[in-house]
Amino acid sequence: MSSRRGEPLAQRVANTRARQDPPAAPEVRHCWYVGPCGRQAALLLSWRRTTPDAPWEGYIAVVAPDEAGGWSLVTMWVSAAMLEPRD
């Protein structure tokens with residue numbers, strides 16, 4: 001298919017997609033997670049409340065010890081009470 005401008009429709013679609021801005025990255029914040037391994041640096045990815053009167057929970061990414069004696073990146077929902085602002 002072609003247009004009156006002589007540019008095929010497929011090329012026009014590709015050009016339009018190339019001009020569009022990429023989606024914005026989510027806002028990520030540094031925080032402290034106070035859990036079983038003590039106070040650890042974490043990234044706060046999102047907040048939620050499961051019901052209007054439920055306490056806030058934060059979705060975080062943190063490193064945790066694994067079974068092989070190393071470390072693994074873990075993401076999880078935790079109570080806001082387990083999170084502290086970055087110093």
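Since we're looking at a predicted model, the values are computed, not measured.
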| said: I'd like to know if the side chain of Arg49 reaches the main chain of Ala54, judged simply by a donor and an acceptor atom lying under 3.5 Å from each other, with no hydrogens or angles considered. | reply: yes

Considering non-hydrogen atoms only, spot the tightest contact between [X] and [Y] and give its length.
{"X": "Tyr33", "Y": "Ala42", "value": "CB-CB, 4.0 Å"}
{"X": "Glu57", "Y": "Trp47", "value": "O-CE3, 3.2 Å"}
{"X": "Val62", "Y": "Ala41", "value": "CG2-O, 3.5 Å"}
{"X": "Pro85", "Y": "Trp32", "value": "O-CD1, 3.3 Å"}
{"X": "Val63", "Y": "Gln40", "value": "O-NE2, 2.7 Å"}

| request: Would you please name every residue forming a side-chain contact (heavy atoms from CB on, under 4.5 Å) with Ser46, sequence neighbours left out? | output: Tyr59, Trp77

Side chains of [X] and [Y]: closer than 4.5 Å at any heavy-atom pair?
{"X": "Ile60", "Y": "Thr75", "value": "no"}
{"X": "Leu43", "Y": "Arg29", "value": "no"}
{"X": "Arg48", "Y": "Thr50", "value": "yes"}
{"X": "Leu44", "Y": "Leu83", "value": "yes"}

